[in-house]
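The next block holds one structure in the form of structure tokens; read it before the comments.
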Amino acid sequence: MSKLSYEDRINLYNDRKNGVSIGNLSAKYQIRDCMVKYIVSLIDKHGYDILRTNKNVSHTKYEKQKAIDRVLINGESAWSVAIDMGLLSYGLLQNWIKKYKENGYNIVERKRGRPAMPKVTKKKENETDKEKIKRLEEENLYLKAELEYSKKLRAVVQARKNQQQKKK
């Protein structure tokens with residue numbers, strides 16, 4: 001699916017209101033029929049201002065939970081909830097629901113940015129024997145934990161490979 005510009009969406013809406021068929025609009029803008037219907041419904045409900053987004057909108061956990069509950073608990077359609085919320089694509093809500101179910105019915109916010117580096121203690125020039133022993137013990141403990149983690153990770157990866165091979 002091609003990404004439509006602001007002008008394309010307005011032209012699509014105006015063409016549809018002037019009687020151009022959904023199939024023709026779908027072919028002209030190279031998008032699916034359902035997306036044409038969604039854009040028209042969205043503009044009908046919220047007006048042209050809903051399309052004026054200069055940057056990506058991030059939704060809070062509360063907003064996501066509220067939308068997901070409307071679909072799963074209240075039985076509303078994802079389409080109508082996405083239109084009411086003013087989402088630019090109803091697929092966004094479908095992705096939220098899918099991830100919500102995959103994460104054991106919990107909303108997990110995607111962490112952004114680079115992960116923090118672990119704290120590494122540096123060797124001091126004027127350290128006493130007790131300080132040196134303590135530093136080495138902490139370093140040893142950290143390395144043991146890292147080794148255990150890598151062993152468990154390797155076991156999980158191997159188990160997944162074995163499962164995939166059994167499915168084939």
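Numbering starts at 1 and runs along the sequence shown. A quick note: this is a predicted structure, and the numbers were derived from the prediction, not measured.
- L12 approaches Y29 most closely through the heavy-atom pair N-OH, 3.4 Å.
- The salt bridge (Lys or Arg N to Asp or Glu O under 4.0 Å) analysis of residues 38-47, with sequence neighbours excluded, yields the pairs K17-D44, K45-D84.
- Looking only at side-chain heavy atoms (C-beta outward), N14 and I10 come within less than 4.5 Å of each other.
- Distance alone, capped at 3.5 Å, places no donor-acceptor pair between the S26 side chain and the I22 backbone.
- In this structure, E148 contributes its side chain and A145 its backbone to no donor-acceptor pair below 3.5 Å.
- Among pairs with a residue in residues 149-158, those fulfilling side chain to side chain donor-acceptor pair (under 3.5 Å) read Q158-N162, at least two apart in sequence or across chains.
- Here the two rings, on Y48 and Y13, have centers that are under 6.0 Å apart.
- The structure places CG of L42 at 12.0 Å from CE of M85, a figure rounded to the nearest 0.5 Å.
- Of all the heavy atoms in S41 and I83, the pair that sits closest is CB-CD1, 3.5 Å.
- Listed here is the closest heavy atom pair of A78 and Q94: CB-CG, 4.4 Å.
- Note: L25 CG to K37 NZ = 12.0 Å, rounded to the nearest 0.5 Å.
- Separation of atoms NZ (K99) and CD (E102) is listed at 8.0 Å; rounding is to 0.5 Å.
- For residues 69-92, the ring pair (Phe, Tyr, Trp, His ring centres under 6.0 Å) pairs, not counting sequence neighbours, are Y38-W79, Y38-Y90, W79-Y90.
- A pairwise comparison of heavy atoms in E63 and S58 identifies OE1-O, 4.5 Å as the closest pair.
- Between L143 atom CG and L136 atom CG the span is 10.5 Å, to the nearest 0.5 Å.
- Side-chain contact of E7 with N11: a donor-acceptor pair under 3.5 Å is absent, judged by distance alone.
- Among E138, E137, K144, the single residue meeting the side chain to side chain contact (heavy atoms under 4.5 Å, CB included) criterion with N140 is K144.
- Put simply, the side chain of R32 does not reach to within 4.5 Å of the side chain of V36, judged on heavy atoms.
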Exercise. Can you list the steps and then say if M35 with L4 is a side-chain contact (heavy atoms from CB on, under 4.5 Å)?
Worked result: CA-CA 11 Å; M35 198 62 196; L4 297 176; 5.8 Å; no
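- In this structure a side-chain-to-backbone donor-acceptor pair under 3.5 Å is present from E131 to T128.
- Taking all atoms of both residues into account, the shortest heavy-atom contact from R16 to V40 is CG-CG2, 3.7 Å.
- Taken from NZ in K98 to CG in N103, the straight-line distance is 11.5 Å, to the nearest 0.5 Å.
- Counting only distance, with no hydrogens or angles, the side chain of H59 and the backbone of L87 share no donor-acceptor pair below 3.5 Å.
- Of the possible polar contacts, none joining the N24 side chain to the V20 backbone as a donor-acceptor pair under 3.5 Å is found.
- Put simply, CD1 on I133 and CZ on R135 are 11.0 Å apart, with the number rounded to the nearest 0.5 Å.
- In plain terms, the two heavy atoms of L93 and A67 that are nearest each other are CD1-CB, 3.8 Å.
- Between D69 and N74, every side-chain heavy-atom pair lies at or beyond the 4.5 Å cut-off.
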